[in-house]
Amino acid sequence: MTVVGDQRPVRRRSPLDPHSSTFHAFADMLYAGVLIFVLALPVVTWFAALSAGVEAIRDARAADHHVRARTVWSAFVDRVVRHPVSHLLAPTAVTALLVVDVVLLPYAAPGELWSLVLPIVLAAGLGAIALRIAGTWRRGEAPRVLLGRAWRRMSTDAAGSALLVLAVTCAGALVVIAPLLALVLPGGLALAAVAMDRDGEGHP
């Protein structure tokens with residue numbers, strides 16, 4: 001009697017298996033988060049660091065390999081050197097305005113609730129826009145084209161934009177509850193930006 005082929009069922013790996021793709025993605029997210037946090041320590045480089053982390057995670061997923069520190073560093077240097085206005089000056093100015101709003105709102109808002117809610121809404125909205133831009137950014141393309149594409153996606157992909165707002169809000173709440181999570185949460189936000197990059201590498 002001849003046995004044709006091996007009919008034994010293929011055993012699926014558990015997501016908790018260190019060799020599973022899910023575990024690899026989780027490990028990459030944590031590693032990228034630490035790298036983004038370190039590069040963002042000067043504060044003015046926070047967006048360049050986030051954008052570099054997004055590129056590293058996207059490239060790692062496309063090539064099926066782990067996030068590498070040199071990839072993040074290369075993307076970070078590219079953004080700082082070639083695009084200082086969009087990745088250093090503009091994000092710093094927006095952050096400064098947000099801080100001023102947080103300081104002044106308790107004196108200008110009609111009530112204590114407004115002074116508490118408005119900064120959260122502003123931060124979540126601006127954070128979602130930052131994630132859209134970071135997710136859309138590609139080396140070698142004109143910044144004006146990329147910024148326009150990111151802005152269009154805020155409205156054309158309203159569900160994705162809402163999820164990014166929720167991601168930023170949850171990340172902020174987690175940092176308030178457990179400040180040490182700030183070391184790795186940037187990786188989660190970068191992964192969210194990649195996930196909401198709906199057009200992927202085949203964008204129009």
Student: I need the L189 CG to M29 CE distance, nearest 0.5 Å.
Tutor: 9.5 Å

Student: Would a hydrophobic clustering, with Ile, Leu, Val, Met, Phe, Trp and Tyr connected at side-chain separations under 4.5 Å, put L39 with V81?
Tutor: yes

Student: Are more than 12 heavy atoms from other residues, nucleotides or ligands located less than 6.0 Å from atom CZ of R139?
Tutor: yes

Student: Would you give the length of the straight line joining atom CG of D197 to atom CZ of R149, rounded to the nearest 0.5 angstrom?
Tutor: 9.0 Å

Student: Please check if any side-chain donor atom of R79 sits under 3.5 Å from a side-chain acceptor atom of S51, or the reverse.
Tutor: yes

Student: Looking at residues at least two apart in the chain, or sitting in another chain, which of them share a salt bridge (charged side-chain N to carboxylate O under 4.0 Å, His left out) with D28?
Tutor: none

Student: So H66 and Y31, do their side chains get closer than 4.5 Å, heavy atoms only?
Tutor: no

Student: Same cluster or not: are W46 and L98 linked, directly or through other Ile, Leu, Val, Met, Phe, Trp or Tyr residues, by side-chain heavy atoms under 4.5 angstrom apart?
Tutor: no

Student: For the residue pair A69 and L35, what are the closest heavy atoms and their distance?
Tutor: CA-CD1, 3.9 Å

Student: If you look at every heavy atom in A134 and V54, which pair is closest and at what distance?
Tutor: O-CG1, 3.5 Å

Student: Assigning hydrophobic clusters by single linkage (Ile, Leu, Val, Met, Phe, Trp, Tyr; side-chain heavy-atom cutoff under 4.5 Å), is V43 placed with V38?
Tutor: no

Student: Given side chains that start at C-beta, do those of V77 and R82 come closer than 4.5 Å, heavy atoms only?
Tutor: no

Student: Would you say that M196 contacts L131 through its side chain, given a criterion of any heavy-atom pair below 4.5 Å between the two side chains?
Tutor: no

Student: Does the pair F47 and I133 meet the rule for a side chain to side chain contact (heavy atoms under 4.5 Å, CB included), with working shown?
Tutor: CA-CA 10 Å; F47 182 66; I133 296 172; 3.7 Å; yes

Student: Judged by atom type as modelled, is there a donor-acceptor pair below 3.5 Å linking the side chain of S74 to the main-chain atoms of R70?
Tutor: no

Student: Give the C-alpha distance, both sets of side-chain angles, the deciding distance and a yes or no for side chain to side chain contact (heavy atoms under 4.5 Å, CB included) between V67 and V72.
Tutor: CA-CA 8 Å; V67 169; V72 178; 4.0 Å; yes

Student: Once you round to the nearest 0.5 Å, how far does CD1 of I57 lie from OG1 of T71?
Tutor: 11.5 Å

Student: Please round to the nearest 0.5 Å and tell me the distance separating atom CD1 of I36 and atom CG of L183.
Tutor: 12.0 Å

Student: Starting from I120, can I reach V99 by hopping between I/L/V/M/F/W/Y residues whose side chains sit under 4.5 Å apart?
Tutor: no

Student: What pair of heavy atoms forms the shortest contact from A190 to G53, and how long is it?
Tutor: CB-C, 4.2 Å

Student: In terms of hydrophobic clustering (I, L, V, M, F, W, Y; side-chain heavy atoms under 4.5 Å; direct or indirect links), are L146 and W151 co-clustered?
Tutor: yes

Student: Mind checking the CG-OG1 spacing from L50 to T45? Nearest 0.5 Å is all I need.
Tutor: 11.0 Å

Student: Listed by chain and number, what are the salt bridge (charged side-chain N to carboxylate O under 4.0 Å, His left out) partners of R68, not counting sequence neighbours?
Tutor: none

Student: Evaluate the criterion side chain to side chain contact (heavy atoms under 4.5 Å, CB included) for residue pair H83 and L88; output intermediate values, then yes/no.
Tutor: CA-CA 8 Å; H83 307 286; L88 294 179; over 6 Å; no

Student: So how far is it from T136 OG1 to R138 CZ, rounded to the nearest 0.5 Å?
Tutor: 7.0 Å

Student: Does the pair R153/D157 count as a salt bridge with the N-to-O cut at 4.0 Å?
Tutor: no

